There are 2 protein chains.
Amino acid sequence: MEDKINALIEKGVVPTTQRLIVFQYLKGSKTHPTADNIYNALKKRHPIFSRATVYNTLFIFKEAGIIQELTLDKKEVHYDPNPVPHHHFYCKVCKDILNIDIECSVAKKRDIHGHKVEDVQSTFYGVCKRCLKNEQ
Amino acid sequence: MEDKINALIEKGVVPTTQRLIVFQYLKGSKTHPTADNIYNALKKRHPIFSRATVYNTLFIFKEAGIIQELTLDKKEVHYDPNPVPHHHFYCKVCKDILNIDIECSVAKKRDIHGHKVEDVQSTFYGVCKRCLKNEQ
DNA sequence: CTCTAACATTAGAATTATTCTAAAACAATA
DNA sequence: TATTGTTTTAGAATAATTCTAATGTTAGAG
C-alpha cells in the first residue's frame, strides 16, 4: 500500500482513500474498463462510492499521466492502466479491446507538420482472431 | 446533381432528397462536422429536416463506405467526407481536426496478429501550429 | 495538537449526444 | 391506381457524463 501512496504522490496526486482504491483496481486490471465498469466493481466492495468520484479520479489520473484515456468507442470512454501510448484493436463482434504491440515510427513523433503532439491514439477496428474462428 | 445521384446508387444507397442534401453538404465540406453541425447547417436552408434523418443518413453513408466516422473526441462523433483512412490531428486548444498526410505502413495493415482489420483510426492530440503561435 | 483553508467526496439533479418510436409521407412496381 | 416496403418526421426515451451545493477530509501553520 505504501508504494501505491508514493506512486500517487510522485505524480503530484493527493493520495486519498478513494483514489488509492481506484488506482489499485486499475493497476490490477488487464482490460480497458469504462468509468461505469469501475464504479460498479468498486461499489460492491465499498458501498459508499460515488460516480462523480470515479469520474473525477479518472480525470486526475489522466492529467497526471498515470493512465490513458481511450476514445475509440463512440458509446463510452475506456481507460488504459498503461499510460504509454500503444496501438489497440477493437473487435466489432465481442467489443473487446486488445493491446497491439507493434513497432511504429509514426506514432512516436512529437511534432507533425509543425503541430505539437502530446498524445497519440491508434486503433484498428475489425474482427478479432477468436471471433473469426467462432464465425465459421 | 445527376452525378451525385449516381454516386449514391453506385454505393447501393437509395438517393432520396435528404440524402442528396447531406451528401452535397459533406462533399463540399473541408472540415469534420458532427451530426449536430450538419443538422444545424441544413435546417437553415431546409426547415423540415429531422435530426433522426441526419443520424440515419450518416449511418447509411458510413456503412456504404461513402464517409468515415471519427471517434476521436469523447464528446461527440465527427464525420470525414473522405472515406479513405488517414491520420488526424486534434487540437486541444481550438478543437480543430486537421488531416495529416503521412506515409505509414502500420496503418495499411489488413491483418494484425491474426485479427482482421476493417478500419483504422490514427489520431494525434496536441496543440496545432496556429495555436502554438498565438500562445506566445 | 488544533485551527483553518483548500481540497475531495457525496447523492442526486442537470445536461446532452444519440437512439428509439410510431405515425405519416414517399417511392417503385405491378 | 393500389400495394408494399422504405424513409422521414417530431418528439420521447436513453444513457454517459458533468454539475451542484452540502458535507467530509487533509495537511500545513501556528
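On a predicted model such as this, the values are computed, not experimentally measured, just so you know. All chains are named by letter (A, B, ...) in the order of the sequence lines, taking the proteins before the strands, and each is independently numbered beginning at 1.
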Inset, instruction - Give every residue pair that meets the side-chain hydrogen bond (donor to acceptor under 3.5 Å, both in side chains) criterion with at least one member in residues 106-117 of chain A, sequence neighbours excluded. - result: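 Residue pairs with at least one partner in residues 106-117 of chain A: A:Glu103-A:Lys108.
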Inset, instruction - Keeping to residues at least two apart or across chains, list the side-chain hydrogen bond (donor to acceptor under 3.5 Å, both in side chains) pairs with something in residues 5-23 of chain B. - result: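 Residue pairs with at least one partner in residues 5-23 of chain B: there are none.
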Using whole Å, what does the distance between atom [atom2] of nucleotide [N] and atom [atom1] of [X] come to?
X	N	atom1	atom2	value
B:Asp73	C:dT16	CG	P	15 Å
B:Glu76	C:dA17	CD	C1'	7 Å
B:Ile38	C:dA17	CD1	C1'	14 Å
B:Tyr55	C:dA17	OH	P	7 Å
B:Arg51	C:dT18	CZ	P	10 Å

Identify the pairs formed between an N or O of the protein and an N or O of nucleotides 22-25 of chain C at a distance under 3.5 Å, and give each distance.
none

Inset, instruction - Would you mind listing every ring pair (Phe, Tyr, Trp, His ring centres under 6.0 Å) that reaches into residues 116-136 of chain A, with sequence neighbours excluded? - result: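 Of all non-adjacent pairs touching residues 116-136 of chain A, those that pass ring pair (Phe, Tyr, Trp, His ring centres under 6.0 Å) are A:His87-A:Phe124, A:Tyr90-A:Tyr125.
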Under the salt bridge (Lys or Arg N to Asp or Glu O under 4.0 Å) definition, can you give me all pairs with a residue in [range], not counting sequence neighbours?
range	value
residues 83-92 of chain A	A:Lys92-B:Glu118, A:Lys92-B:Asp119
residues 55-73 of chain A	A:Lys62-A:Glu69, A:Glu69-B:Lys74
residues 27-36 of chain B	B:Asp36-B:Arg51

Legend entry - Contacts of type ring pair (Phe, Tyr, Trp, His ring centres under 6.0 Å), residue A:Tyr55, not counting sequence neighbours: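 By the ring pair (Phe, Tyr, Trp, His ring centres under 6.0 Å) rule, A:Tyr55 matches no residue at all.
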Inset, instruction - Applying ring pair (Phe, Tyr, Trp, His ring centres under 6.0 Å), name anything that partners B:Phe49, two or more places apart in sequence or on another chain. - result: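 B:Phe49 satisfies ring pair (Phe, Tyr, Trp, His ring centres under 6.0 Å) with no other residue.
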Legend entry - Spacing of CG belonging to A:Asn82 relative to CG belonging to A:Asp80, to within rounding of 0.5 Å: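 Answer rounded to 0.5 Å: 5.5 Å.
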Inset, instruction - Would you mind telling me which residue lines up with the more 5' stretch of DNA chain C, A:Lys74 or A:Val54, judged by nearest nucleotide? - result: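 Its nucleotide being nearer the 5' end, the pick is A:Val54.
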Legend entry - Partners passing side-chain contact (heavy atoms from CB on, under 4.5 Å) against A:Gln24 (at least two apart in sequence or in another chain):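 Scan of A:Gln24 (side-chain contact (heavy atoms from CB on, under 4.5 Å), adjacent residues dropped) gives A:Met1, A:Lys4.
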Legend entry - Closest nucleotide among C:dT18, C:dA17, C:dA11 to the B:Val77 side chain: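 Nearest nucleotide to the side chain: C:dT18.
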Inset, instruction - Answer yes if the ring centres of B:His88 and B:His32 are under 6.0 angstrom apart, and no otherwise. - result: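 When the ring centroids of B:His88 and B:His32 are compared, they turn out to be within the sub-6.0 Å range.
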I'd like a list of close polar pairs between nucleotides 3-9 of chain C and the protein, N/O only, cut-off under 3.5 Å.
| from | atom 1 | to | atom 2 | distance (Å) |
| --- | --- | --- | --- | --- |
| C:dA8 | OP1 | A:Arg19 | NH1 | 3.1 |
| C:dA8 | OP1 | A:Arg19 | NH2 | 3.1 |
| C:dT9 | OP1 | A:Thr16 | OG1 | 2.6 |
| C:dT9 | OP1 | A:Gln18 | OE1 | 3.3 |
| C:dT9 | O3' | A:Gln18 | NE2 | 2.8 |

Inset, instruction - Heavy atoms of chain A, cut-off under 4.0 Å: which first and last nucleotide of DNA chain D, 5' to 3', fall inside that, if you could look? - result: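 So the outermost contacting nucleotides come out as D:dA16 to D:dC19.
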